[in-house]
Peer 1: 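Please see the structure below; I have some questions.
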Amino acid sequence: MSETAVKAPGVPDAGRWKALVFIALAQLMVVLDSTIVNIALPSAQQDLGISDGNRQWVVTAYALAFGGLLLFGGRIADLWGRKRTFVLGLAGFAAASALGGAATNEAMMFGSRALQGAFGALLAPAALSLLAVMFTDGKERAKAFGIYGAIAGGGAAVGLILGGFLTEYLNWRWTFFVNIPFAVVAAVGAYLVVREPQGGRNRSPLDVPGVILSTLGLVALVYGFTRAESEGWSDAVTVGMFVGSAVLLLAFVIVESRVKAPLLPLRVITERNRGGIYLSLGLAIIAMFGLFLFLTYYLQIVKGYTPVKTGFAFLPMVVGMITGSTQIGTRLMTRVAPRLLMGPGFLVAALGMLLLTQLELDTSYAAVLLPGMLLLGLGMGTAFMPAMSMATQGVEPRDSGVASAMVNTSQQVGGAIGTALLNTIAASATTSYIADHMAGATSRTQQQLVQLEGQVQGYTSAIWFAVGILVVAAVIALTFINAGRPGSTTVTGSGSGDAVEDELPVPVIAH
């Protein structure tokens with residue numbers, strides 16, 4: 001790495017705001033990819049001759065690689081340097097996207113998606129930890145993480161719009177190719193303007209047993225939830241995956257408590273504020289990811305919207321997230337305790353979700369969907385901003401990569417759980433409703449109506465469950481997180497004697 005790639009510790013980097021542009025661009029690309037491919041999946045399946053039984057692997061291959069390798073990716077960022085890992089992740093993600101766009105069969109498609117996930121696992125924690133080490137002033141940090149949080153939250157909905165346009169007016173392959181210019185611009189920009197602080201590397205030997213146990217444990221957990229969605233919760237392989245995951249992750253914790261240089265230092269997750277953030281954020285993502293899926297189906301199948309119109313229907317949620325993150329979260333982050341933003345934020349999101357439990361076949365978009373999505377976005381945006389910032393604040397510089405990876409891990413695992421769990425609830429409610437009402441439907445039109453009503457009943461049943469999850473997330477945020485508003489107190493890492501001090505404005509952590 002060149003001499004200009006690092007800067008002296010304690011000196012604010014003059015190019016940090018330019019760096020934020022390229023870091024945010026990379027984050028947008030990763031988040032867009034999580035939804036843009038879903039819109040293109042039916043067309044890609046038909047072109048490549050992918051069976052109904054195998055089509056889930058377009059999503060699952062990515063989720064397994066991304067979720068399973070995140071902790072490893074975070075540790076690599078701490079070891080190699082965040083800038084180098086960030087640029088490598090972008091280059092690999094672009095190459096994997098090109099491979100996916102050029103896919104000629106299902107094996108090539110699945111392989112490209114797994115590669116995207118692997119390079120995404122390098123890229124995502126490196127991006128978040130770069131922000132953590134470059135923005136250290138309290139007010140600047142709040143603003144930077146506000147922008148980052150808005151992109152992290154709103155990017156998924158923007159992906160629905162972009163995916164709709166590309167699939168409807170061009171070709172499904174462009175949902176992959178569109179990543180390449182994003183990655184090239186972000187990589188070149190990062191190479192030129194990002195400068196890491198000196199002394200933030202963790203040059204300890206890599207914890208190979210920790211890497212193997214965490215990767216296999218997380219892969220088994222994500223695959224267990226993914227399989228539960230299609231095969232059921234009592235399926236032998238599903239149960240085996242959950243049992244195997246529990247054993248592997250327990251072994252991982254035991255190993256991490258004993259090795260000299262752990263992959264995930266337990267001090268990162270046992271500190272009550274960070275533990276509360278990882279848990280509440282994961283729960284909120286469970287609620288949110290399931291809702292994206294249900295609303296997409298509701299708007300397209302029940303209301304008859306086109307892919308493009310569906311994408312635009314999500315805009316109020318995007319506007320709410322950007323407003324909550326940049327106008328509410330950023331402005332109040334330096335004035336009030338984080339829990340007083342996260343707890344109420346999750347409750348406002350729950351209120352928006354509560355409105356969406358009123359969905360029926362002829363529900364008015366303007367009267368129910370618009371205010372519901374606006375409140376959901378507003379609440380999530382307000383809560384995400386302090387969560388993103390607090391998850392890496394007060395962490396020793398050498399642990400910032402793996403702390404950032406834990407944020408992404410809670411989101412990725414939360415997304416997998418949310419999709420599987422809420423889909424199962426919806427499917428069960430739909431089946432029950434159709435069984436109860438189909439006997440009274442004498443004509444084909446009436447039977448189709450009962451099926452549609454059953455689908456809506458399934459969606460609303462699952463959304464009620466999501467309301468409860470958001471309330472639990474709010475309770476956890478309000479009780480676990482006890483950091484005060486940002487002040488000028490010096491906080492030291494909670495590790496052993498070799499802890500590194502953070503002499504900059506950070507929240508006051510009460511142990």
Side-chain angles (χ1 to χ4, degrees), residues 128-129 131-132 135-136 138-139 141-146 148-149 152-153 264-288 321 324-325 328-351 378-396 399-400 402-411 413-414 468-495 502 504-511:
L128 189 56
S129 59
L131 286 189
F135 289 90
T136 47
K139 288 186 177 179
R141 186 182 178 93
K143 189 173 181 181
F145 275 91
Y148 187 88
L264 174 62
L266 296 183
R267 61 181 175 266
V268 171
I269 55 172
T270 53
E271 198 278 308
R272 66 179 290 167
N273 289 282
R274 283 192 290 275
I277 282 166
Y278 298 145
L279 190 55
S280 61
L281 199 59
L283 286 170
I285 293 293
I286 288 176
M288 193 169 175
M321 280 181 177
S325 195
I328 300 174
T330 300
R331 291 173 187 274
L332 295 180
M333 179 67 181
T334 55
R335 300 177 187 178
V336 301
R339 69 178 181 277
L340 299 181
L341 287 174
M342 289 183 66
F346 289 140
L347 290 176
V348 169
L351 182 61
L378 200 63
M380 286 293 199
T382 301
F384 275 177
M385 204 289 293
M388 293 283 187
S389 180
M390 279 290 298
T392 53
Q393 200 156 15
V395 176
E396 298 175 24
D399 293 334
S400 66
V402 79
S404 302
M406 275 302 299
V407 178
N408 288 285
T409 301
S410 66
Q411 290 178 310
V413 173
I469 293 174
L470 281 172
V471 171
V472 172
V475 171
I476 289 171
L478 288 167
T479 53
F480 275 63
I481 301 168
N482 65 351
R485 66 181 179 83
S488 55
T489 303
T490 299
V491 175
T492 57
S494 54
D502 183 355
L504 297 150
V506 292
V508 181
I509 309 296
H511 289 280

Peer 1: Which atom pair, heavy atoms only, marks the closest approach of G343 to L478?
Peer 2: CA-CG, 3.8 Å
Peer 1: Show the nearest heavy-atom pair for residues A284 and M380, with the distance to one decimal.
Peer 2: O-CE, 3.4 Å
Peer 1: Write down the atom of L341, the atom of P386, and the distance for their closest heavy-atom approach.
Peer 2: CB-CG, 3.9 Å
Peer 1: Where is the tightest heavy-atom contact between A387 and L281, given as atom of each residue plus distance?
Peer 2: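 Heavy atoms of A387 and L281 come nearest at CB-CD1, 4.1 Å.
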Peer 1: Tell me if a side-chain donor or acceptor on R274 pairs with a main-chain N or O of I269 at a distance below 3.5 Å.
Peer 2: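 Checked: no pair found.
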Peer 1: With sequence neighbours left out, what residues match A477 under side chain to side chain contact (heavy atoms under 4.5 Å, CB included)?
Peer 2: S280, M342, F346, I481
Peer 1: Quick check: does any side chain N or O of R272 sit under 3.5 Å from a backbone N or O of T479, one acting as donor and the other as acceptor?
Peer 2: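 Such a contact is found between R272 side chain and T479 backbone.
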Peer 1: Report yes or no: does N273 contribute a side-chain atom to a donor-acceptor pair with the main-chain N or O of N482 at less than 3.5 Å?
Peer 2: yes
Peer 1: Walk me through it: do L283 and I286 pass the test side-chain contact (heavy atoms from CB on, under 4.5 Å)?
Peer 2: CA-CA 5 Å; L283 286 170; I286 288 176; 4.2 Å; yes
